[in-house]
Structure formats: C-alpha cells, structure tokens
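Everything on this sheet refers to the single structure shown next.
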Protein chains: 2
Amino acid sequence: MEQTAPQKGTVTERAIEQIKAMIGGGSLEPGERLPTERDLAAQLGISRSSMREAIRALTVLGVLEARHGSGIYVTQLEAGDLLETFGVVADLSRGPRLVELLEVRRILESTATALAAARITRPQLAEVEEHLAAMEATDDPEEILSHDLAFHRAIVSAAGNETMAAILEGLSSRTFRARVWRGYQEEGAFERTRREHARIHRALVAHDPEAARAAAAAHVGEVEEWLRSQLD
Amino acid sequence: MEQTAPQKGTVTERAIEQIKAMIGGGSLEPGERLPTERDLAAQLGISRSSMREAIRALTVLGVLEARHGSGIYVTQLEAGDLLETFGVVADLSRGPRLVELLEVRRILESTATALAAARITRPQLAEVEEHLAAMEATDDPEEILSHDLAFHRAIVSAAGNETMAAILEGLSSRTFRARVWRGYQEEGAFERTRREHARIHRALVAHDPEAARAAAAAHVGEVEEWLRSQLD
DNA sequence: ACCTCCGTAGTGGTCGGACCACCTTCGTGA
DNA sequence: TCACGAAGGTGGTCCGACCACTACGGAGGT
C-alpha cells in the first residue's frame with residue numbers, strides 16, 4: 001500500500017490546505033509568485049481542473065491573486081486582503097443575525113472612536129470634517145450614504161488598527177447599510193443622525209475618549225434598537 | 001449587439017455574484033437544494049468547469065454545501081457557517097497584524113465576558129467550572145490548551161450573541177493560539193494564567209459585569225503585551 | 001401487508017485535452 | 001538608441017468522459 005497519500009477529503013480540499021500550509025510555513029512569502037497552475041497540479045499529483053478550484057477558493061479568500069497572462073501571486077496578506085470576505089457575512093445575514101452584527105459593530109466602533117479621539121491628528125480631523133460638511137450640503141440619499149460611510153471610515157482609520165478597520169468596513173458594507181437604513185432613514189431620522197454625528201465630532205475635537213465612546217455607541221445603538229423593534 | 005451579457009470580470013466571478021444574489025434576493029432559502037451543476041451551468045450559459053469553481057468558492061465561504069451524490073444545498077447561513085473562514089485570517093496573519101488581532105479579541109472578549117456575567121445561568125456556570133477544574137488537573141499542555149479554549153468558549157457562549165462567539169472562535173483558532181502561546185507559556189506564565197482565570201470565574205459567580213470585563217481584558221492584554229514586546 | 005436487500009438512475013468529484021485571451025519579453029528594424 | 005511587433009508563456013474557458021457516492025424504488029422474502 002502506498003502511504004504517501006493520506007486520502008482525506010476531496011483532492012481540492014487537500015490542495016487548499018497544502019497551499020495554505022506553504023504560506024503559513026513560510027515557503028511562500030507575501031507577494032511571491034507561485035508556480036503555474038499546470039506545474040502546481042503536477043507537483044501535487046492532481047488535475048489542473050482540481051487545482052484551479054483550489055486556487056479559485058484561495059482567491060476569493062483573499063490569500064491568492066490570479067493575474068491573467070502573468071501568473072498567480074500571494075497577496076500581501078494585509079488585513080484588508082483577508083477580511084474582504086467579511087462583507088459577505090453582512091450581506092447574507094438576516095433577522096436576529098443582523099442585530100447581532102450591529103451589536104458587534106457597536107462594540108468595535110465605539111472603542112475605535114474612543115481610540116481615535118485620543119490619537120487623531122489635525123489632517124485626519126480635517127478629512128472627517130470634510131465628509132461631515134459634504135453630508136449636510138446635499139439631499140441626494142446616495143451621496144449622503146457615501147459620505148456617511150467615509151465619515152466613519154476616516155474616524156476608524158485614525159484609531160490605528162487596520163484589522164479592526166477592515167472588520168468594520170465589512171460590517172458597514174454598502175449593500176448592508178442600504179438594506180438596513182432604507183427603512184430607518186424614512187422615519188425622519190436624518191435630523192437625529194446629524195446631531196449624533198456632530199456629537200461624535202465634538203468629542204474628537206476635544207480629544208475626549210469617553211465622550212467619543214458614548215457618542216459612537218449611542219449612534220450605532222439607535223439603528224440597532226430600531227432594527228430590533230422591526231423584528232416583530 | 002447582444003446586451004444580455006454585461007461581460008464584466010470572469011464568468012466564474014459573475015456566477016458567484018449571481019448565486020449570491022439569488023440567495024440574498026430570497027429566491028434561494030437557507031437549507032434549500034440548488035439545481036444540479038450541469039443545470040446551473042446551462043442556466044447561466046457557462047461551462048460546468050466554471051460553475052464548479054463558483055460553487056467551490058461559495059463552499060469555502062460557508063454559503064453553500066456540496067454533498068457527494070446528493071446535491072448542492074444552501075447552508076443555514078448561521079454565524080458559524082459564514083464566519084468559519086475567519087480562522088484563516090488568524091492563521092495567516094503575522095507580526096504587527098497579530099497584535100491587532102489580539103486587540104480586537106481583547107475588546108470583544110472583555111465585552112462578551114461582561115455580558116456573560118450578567119446573564120450566565122447555573123448550568124452554564126457549571127460547564128465553565130468543569131473546564132477550569134480539568135485545566136488544573138493535568139500537566140499535558142495539549143489538554144490544557146483544549147480546556148482553556150473550551151473555558152472561554154463557554155463564557156462567550158453565555159453572552160448570547162452567536163455572531164460574536166463565531167468571530168471569537170476564529171480569533172482563538174487552535175493553530176493561532178498554539179503559535180502564539182508556545183513561547184508565552186514557556187516563560188512560566190501558567191501560574192499567572194491560573195490566577196486570571198480564577199478572577200474571571202469569581203466575577204461570573206458574583207454576576208459583576210464590570211469586574212468580569214476588567215478581568216477578561218487584563219487576561220487577553222497580558223498575552224497582547226508579551227507579543228508586542230516580542231516584535232523587536 | 002410489511003420489511004429487507006439490491007439494482008439503478010442521478011449527482012457531485014476527478015481527469016485530460018483543447019483552444020482562447022492576455023501579458024511579458026525579446027529581437028528586429030527604423 | 002528606441003519604438004514596434006512577433007512569439008512564447010500564463011491564466012480563462014470549454015468539452016467530454018469516467019469514477020464514487022447517494023437516494024429512490026421495485027423485487028423478493030418473510
């Protein structure tokens with residue numbers, strides 16, 4: 001009997017694990033180019049079709065990047081690369097799961113905003129104010145949403161934790177917010193949102209972490225409460 | 001000109017988006033069975049190979065589940081299904097990224113532990129104590145790690161937010177902890193870990209959320225500090 | 001009438017080959 | 001010296017065949 005092949009799971013799953021192991025084990029560095037699909041397949045003793053499925057899987061996970069005509073490369077393995085799939089969670093979650101997601105966002109975003117209050121620099125603060133102003137200068141819901149997202153993104157970015165920023169980016173994905181906020185905003189919540197944003201902004205200017213935490217938690221909590229009440 | 005085909009990106013990427021849209025749009029319910037690979041391919045006008053890649057991608061994301069000989073099914077789309085891939089992030093992150101990951105875990109786990117202190121039931125508390133006792137009754141590092149994981153999992157579970165639990169599960173994945181803790185535990189941190197666990201336990205028994213939050217934050221923070229000091 | 005067993009149709013899993021679309025490189029020519 | 005174009009290499013797509021496994025239902029026995 002040949003013991004060289006453990007034979008657990010499908011060949012594609014094995015290939016995925018082996019490539020992941022190569023990267024985790026250090027034989028493949030971030031940014032490095034992999035052998036060709038054909039070579040990799042021969043190397044692991046599987047067909048090119050199965051190897052392509054493995055590569056595709058690692059591509060959607062943000063671990064690999066395939067460039068047509070050039071080759072397959074390991075991504076930089078930055079937080080943004082690996083956490084891009086987090087948006088899928090937000091897009092496909094429903095019902096009670098959405099509330100839980102918002103609760104996670106409230107916890108992380110309030111902490112991030114508190115950190116930002118302590119660390120934010122003048123240029124970063126200027127960017128925050130820019131989006132705040134742009135939000136109030138238009139009536140187009142689409143544009144408001146864009147600057148709303150950018151407003152929070154700028155704040156979270158100032159907290160200095162890229163991983164946290166990437167997670168929150170997923171939790172605030174465009175389709176997610178559009179889905180939840182459509183109903184929420186229609187209940188005349190614009191004015192309240194404006195006040196909450198202003199309160200967050202004042203805390204940032206004052207470099208007051210506790211006030212920032214409270215303001216951000218209240219802001220996200222408002223939507224959370226509304227969504228919870230909709231589940232009846 | 002045929003305008004029926006938008007032609008952006010690869011056909012596989014389009015197929016992934018279309019299937020995701022079907023699920024998000026409600027034409028595919030959780031647990032429902034999809035058409036066969038061959039039918040789906042014909043339906044979207046692509047080859048079976050490309051369709052298989054799309055299905056494989058959605059499978060690793062925890063959205064679909066393929067059962068050999070039976071068919072392809074939509075998962076229940078529970079937090080655990082969709083966030084299983086989160087472990088990959090922890091496994092492949094390195095250097096500064098690891099510290100950021102631990103910071104996120106500290107924030108979430110301290111909050112979860114605080115919630116647990118307020119809500120934990122007697123049976124749940126019993127399970128926590130079981131793992132605590134088992135941890136102190138053995139010298140096998142492997143077994144200690146197992147019960148350590150289960151200890152925290154039981155606590156987080158008592159917080160009542162499955163999504164948060166699934167995220168923390170990923171942040172505490174076996175390979176992740178084994179990697180970080182190997183060096184940490186060798187510095188005689190066993191005794192300190194024991195005291196910290198005991199402190200968390202006392203806070204749970206007393207149903208004291210603030211004490212629980214502080215104890216959990218300190219516990220994770222210890223490892224975080226140590227890892228930060230190793231980056232020199 | 002009921003249960004057991006096994007055949008069979010249908011499904012996902014794997015393979016090999018062919019061709020296309022795109023990028024990169026290098027040699028040719030101005 | 002530099003711009004251009006041809007050629008090779010790479011990922012992207014498709015096809016057809018076969019294998020491994022599951023599920024369903026009918027034949028046979030009790």
Side-chain angles (χ1 to χ4, degrees), chain A residues 1-2 4-20 22-23 28 30-76 81, chain B residues 1-2 4-20 22-23 28 30-76 81:
Chain A
M1 301 260 189
E2 290 283 353
T4 55
Q7 299 290 6
K8 36 181 175 179
T10 68
V11 295
T12 302
E13 287 168 358
R14 255 178 292 158
I16 293 175
E17 291 307 319
Q18 294 191 44
I19 295 178
K20 266 190 354 192
M22 287 187 215
I23 298 175
L28 282 177
E32 188 176 340
R33 195 195 141 166
L34 278 70
T36 68
E37 292 180 345
R38 293 162 175 87
D39 289 347
L40 268 177
Q43 188 175 321
L44 299 187
I46 66 178
S47 72
R48 193 187 162 205
S49 313
S50 301
M51 178 53 71
R52 273 190 60 77
E53 286 185 28
I55 293 170
R56 172 70 63 182
L58 290 170
T59 298
V60 301
L61 288 180
V63 176
L64 297 182
E65 179 189 355
R67 301 181 202 158
H68 193 172
S70 173
I72 307 166
Y73 302 80
V74 182
T75 67
Q76 293 303 332
D81 298 324
Chain B
M1 302 256 191
E2 290 283 353
T4 55
Q7 298 291 7
K8 35 181 175 179
T10 68
V11 294
T12 302
E13 286 167 359
R14 253 179 292 158
I16 293 175
E17 290 307 318
Q18 293 191 44
I19 295 179
K20 267 191 350 193
M22 287 186 216
I23 297 175
L28 282 178
E32 189 176 340
R33 195 196 142 165
L34 278 70
T36 70
E37 292 179 346
R38 293 159 174 92
D39 288 348
L40 268 177
Q43 188 175 320
L44 299 188
I46 66 179
S47 72
R48 195 189 158 200
S49 313
S50 301
M51 178 53 71
R52 273 191 61 79
E53 286 185 26
I55 293 171
R56 171 71 62 183
L58 290 170
T59 297
V60 301
L61 288 180
V63 176
L64 297 182
E65 179 189 355
R67 301 181 202 158
H68 192 173
S70 172
I72 307 165
Y73 301 80
V74 182
T75 68
Q76 292 300 69
D81 299 325

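The figures here come from the full heavy-atom set of this structure, side chains too, leaving out hydrogens, waters and symmetry mates.
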Study note, to complete from the structure: The answer to which of A:Gly69 and A:Thr12 contacts DNA chain C further toward the 5' end, by nearest nucleotide, is A:Thr12
Review point. So, is B:Ser50 near the phosphate of D:dC14, with a side-chain N or O under 4.0 Å from OP1 or OP2?
Key: yes
Practice item. Please state how far atom NZ in A:Lys8 lies from atom P in C:dG13, giving the value in whole angstrom units. Key: 19 Å
**Study point:** Selection from D:dG11, D:dT13, C:dC15 that lies nearest to any side-chain heavy atom of A:Ala66
**Key:** D:dG11
**Study point:** Whole-Å gap separating P (C:dT11) and OH (B:Tyr73)
**Key:** 10 Å
Point to revise | Rounded distance (Å) that lies between atom C1' of D:dC15 and atom CD1 of B:Ile46 | key: 14 Å
Point to revise | Rounded distance (Å) that lies between atom P of C:dG13 and atom CG of B:Leu40 | key: 13 Å
Review point. Which part of the nucleic acid, if any, lies within reach of A:Arg67 when heavy atoms closer than 4.0 Å are counted: base, sugar-phosphate only, or nothing?
Key: sugar-phosphate
Study note, to complete from the structure: B:Leu44 CG to D:dC14 P, in whole Å, measures 11 Å
Review point. Over how many whole Å does the gap from B:Leu64 atom CG to C:dG12 atom P extend?
Key: 11 Å
Check your understanding: Are any non-hydrogen side-chain atoms of B:Leu64 and B:Thr75 less than 4.5 angstrom apart?
Key -> no
Review point. Using a cut-off of 4.0 Å on non-hydrogen atoms, how would the nucleic acid contact of A:Ser49 be classed: base, sugar-phosphate, or nothing?
Key: base
Study note, to complete from the structure: Checking C:dG13, D:dT10, D:dT13 against the side chain of B:His68 (C-beta onward), the nearest is C:dG13
Exercise for review: Send over the distance from B:Glu65 CD to D:dT22 P, rounded to a whole Å.
Suggested key: 13 Å
Review point. Under 4.0 Å between a side-chain N/O of B:Ser70 and OP1 or OP2 of D:dT22, yes or no?
Key: no
Review point. Which heavy atom in B:Gln76 sits nearest to a heavy atom in B:Pro30, and how many Å separate them?
Key: OE1-C, 3.5 Å
Exercise for review: Answer whether the closest heavy-atom distance between the side chains of A:Arg56 and B:Glu13 falls below 4.5 Å.
Suggested key: yes
Revision key, fill the gap. Heavy-atom closest pair (A:Arg33 atom, A:Gly71 atom, distance to 0.1 Å) is NE-CA, 4.2 Å
Check your understanding: Taking the nucleotide of DNA chain C with the closest heavy atom to each, which residue, A:Arg48 or B:Asp39, is nearer the 5' end?
Key -> B:Asp39
Exercise for review: Looking at every strand, decide which applies to B:Ile55 at a 4.0 Å heavy-atom threshold: base, sugar-phosphate, or nothing.
Suggested key: nothing
Practice item. Would you tell me if any nitrogen or oxygen in the side chain of B:Arg52 comes within less than 4.0 Å of OP1 or OP2 on C:dG12? Key: no
**Study point:** N-O pairing of B:Arg14 and B:Glu17 below 4.0 Å
**Key:** no
Review point. Closest to the A:Thr36 side chain: D:dT10, C:dC15, D:dC14?
Key: D:dT10
Revision key, fill the gap. Heavy atoms of B:Ala57 and B:Val60 approach each other most closely as O-CG2, 3.0 Å
**Study point:** Whole angstrom value for the distance that separates P of D:dG12 from CD of A:Glu53
**Key:** 14 Å
**Study point:** From C:dC15, C:dG13, C:dT11, nucleotide with atom closest to B:Glu37 side chain
**Key:** C:dG13
Review point. At under 4.0 Å between heavy atoms, what does A:Arg38 touch on the DNA or RNA strands: base, sugar-phosphate, or nothing?
Key: base
